[in-house]
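All remarks here apply to the structure that follows.
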Amino acid sequence: MISSAPTRTHTPAQLRLCATYRNLGLWTMQGWVAMFFIAAGYAKLTEPMANLTALMTWPGMAAEGLVRGLGGVEIALALGLLAPLASWRVGRPILLASAAGLLALQTAMAGVHILGADWGLAAVNLVLAAMTGAVMLGRRGEG
């Protein structure tokens, strides 16, 4: 005997509530990723190279200007994730571009950390990439 499961329709109030929770989750992830990269960028800009090399392998193999420049890029992209706070219409394209930039950066740095056998840092980059990708996909369809 074949039985069909009853179909369930959602009320407009339920759909609005789901959209509210989705929006809250996306803003939470945007905030976490932005805070992480503002802090990481600030550290790359201000910490002595010896401290950075003690924390991560790759700054010891890179030019100081590259490390400092990467810190500035991280801060700029992180602030771009928060641009919709000022204006959704203007900030949304900035958010999407910043998320794409951070996703590319995180993927590249995960590869650098894997090649340097920094497994913990590679895992952090992959988790951040997953969060950034979720934000980018979640915000892509909104208008």
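Every value quoted in this text rests on a predicted model; they were computed, and no experiment measured them. Nothing fancy with the numbering, it's 1 onward along the sequence.
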N/O donor-acceptor pair under 3.5 Å between R92 side chain and R139 backbone | yes

Side-chain heavy atoms under 4.5 angstrom apart, residues restricted to Ile, Leu, Val, Met, Phe, Trp, Tyr: same cluster for L102 and V112?
-> yes

Is there a side-chain contact (heavy atoms from CB on, under 4.5 Å) between I94 and V90 once you walk through the steps?
-> CA-CA 7 Å; I94 296 169; V90 174; 4.3 Å; yes

Taking every heavy atom of L81 against every heavy atom of A34, the minimum-distance pair comes out as CD1-N, 4.1 Å

Looking only at heavy atoms, which two atoms of T57 and M61 are closest? And how far apart?
-> CG2-CE, 3.7 Å

cation_pi(R22, W27) dist<6.0 Å, angle<=45 = no

Could you tell me which residues satisfy side-chain contact (heavy atoms from CB on, under 4.5 Å) with T11, sequence neighbours excluded, listed by chain and number?
-> A13, Q14

Which distance, rounded to the nearest 0.5 Å, do you find between the CD of E74 and the CG of L105?
-> 5.5 Å

Linked, directly or transitively: V73 and F36 (ILVMFWY side chains, under 4.5 Å) | yes

Kindly indicate, with the supporting measurements, whether the criterion side-chain contact (heavy atoms from CB on, under 4.5 Å) is fulfilled by L45 and I75.
-> CA-CA 10 Å; L45 287 173; I75 290 173; 3.6 Å; yes

The reported gap from CG in N51 to CE in M56 (rounded to nearest 0.5 angstrom) is 10.5 Å

Can you name the closest pair of heavy atoms from S98 and G80 and give their distance?
-> OG-CA, 3.2 Å

Minimum-distance pair of heavy atoms, taken over all atoms of A134 and L26 = O-CD2, 3.7 Å

About how many Å separate CE of M29 and CG of L24, when rounded to the nearest 0.5 Å?
-> 10.5 Å

Any link between I38 and L103 through a network of hydrophobic side chains (Ile, Leu, Val, Met, Phe, Trp, Tyr) touching at under 4.5 Å?
-> no

Taking a hydrophobic cluster as the set of Ile, Leu, Val, Met, Phe, Trp and Tyr residues connected by side-chain heavy atoms closer than 4.5 Å, whether directly or through intermediates, do L55 and M35 fall within one such cluster?
-> yes

When rounded to the nearest 0.5 angstrom, what is the spacing between CG in L121 and NE2 in H113?
-> 4.5 Å

Hey, is CH2 on W58 packed in by over 12 heavy atoms from elsewhere, all under 6.0 Å?
-> yes

Say whether, by atom type as modelled, one donor and one acceptor occur between the side chain of R68 and the main chain of K44 under 3.5 angstrom.
-> yes

Would you indicate whether the side-chain heavy atoms of F37 and Q106 approach each other to under 4.5 Å?
-> yes

CZ/R140 to CG/L96 distance, rounded to the nearest 0.5 angstrom?
-> 9.0 Å

If you round to the nearest 0.5 Å, how far is CG of N23 from CZ of R16?
-> 14.5 Å

Before giving the answer on side-chain contact (heavy atoms from CB on, under 4.5 Å), spell out for V135 and L95 the whole-Å C-alpha distance, their side-chain angles and the decisive distance to 0.1 Å.
-> CA-CA 9 Å; V135 167; L95 158 71; 4.2 Å; yes

Determine the minimum heavy-atom distance between L52 and A43, stating which atoms define it.
-> CD2-O, 3.9 Å

Identify whether V127 and V124 are in the same connected component of the hydrophobic contact network (ILVMFWY, side-chain heavy atoms under 4.5 Å).
-> yes

